[in-house]
Protein chains: 2
Amino acid sequence: MKKTQPEAFTLDRIVTPVGEVLLVTDADGAVRAFDFTDYEARMMTLLARHYGRVQLTPGRAPEAVRNAIAAYFGGELTALDGLAVKTGGTDFQRAVWAALRTIPAGRTWSYGQLAQAIGKPAAVRAVGLANGANPIGVIVPCHRVVGANGTLTGYAGGLERKRWLLAHEASQVGPDDGTGQGAFALD
Amino acid sequence: MKKTQPEAFTLDRIVTPVGEVLLVTDADGAVRAFDFTDYEARMMTLLARHYGRVQLTPGRAPEAVRNAIAAYFGGELTALDGLAVKTGGTDFQRAVWAALRTIPAGRTWSYGQLAQAIGKPAAVRAVGLANGANPIGVIVPCHRVVGANGTLTGYAGGLERKRWLLAHEASQVGPDDGTGQGAFALD
DNA sequence: CTGTGTCTCGCGGTTTTCGGACATGGCGGC
DNA sequence: GCCGCCATGTCCGAAAACCGCGAGACACAG
């Protein structure tokens, strides 16, 4: 329907401790999507929604990106912070996703805190929605948002992975900083 | 939402016996839109629909195009036949618009005939819609389609102009070829 | 009386669905 | 003849459904 020529992206596959992931980058090296291989269909849907038709050519993502991801999973938790990301989505969604990147590794926020951070304290549930529509998992750390009572509530890649990621980050940072923030239920 | 850079077109204005027209051409010289100045808003809407954001820079269309249009209004009715046109729209719409160009000047088809020509004899009404959504008036001769009983029924540029165009074409071709095709009510 | 569990309800953005309008014409009934 | 009905593709606006929530109400056990 839209006649604009499809955007051309590169599709890479990387093995991580939580399974193989799909990594989509553009010509500038910015990350456009990041998701687990077993949720490929979901990623395609999101890409189509944001960019219309996309043309994915299998290939290698820039080394800088690959290295950062490897470093993160190796324990260098801040390695992802410098990566450039680019997304479609509505203003609201982009605000949510931008706020996500300000949550430091090892910490967690509640959906309510996140809603407050973007200036819409009542849009708690909508924040959950936007969180679930995040096209760039892990790098945009939607897994660092948990229920107000500490339960994990949900994760597009499966709760098992959310649990793993949080444990991975907590173990490198230390068990607790005394503020109560960052606590979450491990089982 | 759409990230693709806007397409750049040239916007020319030409005076004709039926009023000033807007002529949009692309870098290849293909016509992208053609409409009467007093329906500028409609043209913009269609362009936006088909191409997302467009960037129109006032300027002169290729001489070949300008000359063909002048020749047509001067009485050389086939002058427009060779012009290259390019449109967006759905498959159905493009099929309709392509069929329109096969109607010779001086003839008229009914909406039913047109529907039959594209292989969807039942989509009579939809053909009317597609006709009304034609972004390239005159050159893609949507004015050569009339009701089954010869009434003009409608025209995006105003029935007055449809009447004028048909009279203009009929007068050059001859009053009637005896087939009954091409008849239409002049008042 | 405190803590914990379940239940209900309101919240708000996004997506999906639905219905209506329209540049018609052929058919069946009166 | 005149009237009413319906098929057909597309866009648009309205409405509803969907949820990765959270606060408050209540029941119950220690």
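To find a chain, count down the sequence lines: A is the first, B the second, and so on, and within it residues start at 1.
- At the phosphate of C:dG13, OP1 or OP2 sits under 4.0 Å from a side-chain N or O atom of A:K120.
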Return the polar atom pairs (N/O with N/O) between nucleotides 25-30 of chain C and the protein under 3.5 Å, or none.
{"residue": "C:dG25", "atom": "OP1", "partner": "B:Y111", "partner atom": "N", "Å": "3.3"}
{"residue": "C:dG25", "atom": "OP1", "partner": "B:A148", "partner atom": "N", "Å": "2.9"}
{"residue": "C:dG25", "atom": "OP2", "partner": "B:A148", "partner atom": "N", "Å": "2.9"}

Considering only nitrogen or oxygen atoms on both sides, find all protein atoms under 3.5 Å from nucleotides 13-18 of chain D and state each distance.
none

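- If you take CD1 on B:I118 and CD on B:Q93, they are separated by 10.5 Å, rounding to the nearest 0.5 Å.
- Comparing the P positions of C:dG12 and D:dG24 gives an interatomic distance of 16 Å, to the nearest angstrom.
- Between B:N131 atom CG and D:dG9 atom P the separation is 16 Å, expressed in whole Å.
- At a threshold of 4.0 Å, the pair B:R60-B:D12 does not count as salt-bridged, since none of the basic side-chain nitrogens sits closer than that to a carboxylate oxygen.
- Annotation: proximity of residues 133-145 of chain B to DNA chain D (heavy atom, distance under 4.0 Å) is found for no residue.
- Base engagement by A:A156 is indicated by at least one non-hydrogen atom pair under 4.0 Å involving a base atom.
- A donor atom on one side chain and an acceptor atom on the other are found under 3.5 Å apart for A:Y111 and A:T153.
- Within the structure, the side-chain hydrogen bond (donor to acceptor under 3.5 Å, both in side chains) test picks out the following pairs touching residues 138-148 of chain A (sequence neighbours left out): A:H143-A:E169, A:R144-A:E169.
- When all heavy atoms of A:Y72 and A:L77 are compared, the pair lying nearest together is CD1-O, 3.6 Å.
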Taking Watson-Crick and G-U wobble pairs with both distances under 3.5 Å, convert DNA chain C into its dot-bracket string, 5' to 3', dots for unpaired and | for cross-strand pairs.
-> ||||||||||.|||||||||||.|||||||
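- B:R101 and B:D81 are not joined by a salt bridge, as no carboxylate oxygen comes within less than 4.0 angstrom of a charged side-chain nitrogen.
- The separation between B:H50 atom NE2 and D:dT10 atom P is 11 Å, rounded to whole Å.
- Residue B:R32 is tested with B:T25, B:T10, B:D26 for a side-chain hydrogen bond (donor to acceptor under 3.5 Å, both in side chains); the sole match is B:D26.
- In this structure, the separation between CZ on B:R66 and CD1 on B:I14 is 4.5 Å, given to the nearest 0.5 Å.
- Across B:T37 and B:V21, no two heavy atoms sit closer than the pair OG1-N, 3.7 Å.
- Separating the CH2 atom of A:W97 from the C1' atom of D:dG20 is a distance of 14 Å, rounded to the nearest angstrom.
- Taking CG of B:L23 as the start and CZ of B:F9 as the end, the distance is 12.0 Å to the nearest 0.5 Å.
- The stretch residues 144-166 of chain A participates, sequence neighbours left out, in these ring pair (Phe, Tyr, Trp, His ring centres under 6.0 Å) pairs: A:W164-A:H168.
- A straight line from CZ of A:R42 to P of C:dT15 spans 13 Å, rounded to a whole angstrom.
- For the pair B:Q93 CD and D:dG9 P, the interatomic distance rounds to 12 Å; values are reported in whole Å.
- If you measure from atom CG of B:L114 to atom C1' of D:dG9, you get 13 Å, rounded to the nearest angstrom.
- Between atom OG1 of residue B:T87 and atom CG of residue B:L46 there is a gap of 11.0 Å, rounded to the nearest 0.5 Å.
- Computed from coordinates, the B:I118 CD1 to D:dT8 P distance equals 13 Å when rounded to whole Å.
- A cation-pi geometry, defined here as NZ or CZ lying under 6.0 Å from the six-membered ring centre and within 45° of its normal, holds between A:R161 and A:F36.
- Rounded to whole Å, atom P of C:dG12 lies 14 Å from atom CD of A:Q116.
- With rounding to the nearest 0.5 angstrom, the CG atom of B:L56 is 11.0 Å from the CD atom of B:E7.
- A gap of 23 Å separates the C1' atoms of C:dG26 and D:dT10, to the nearest Å.
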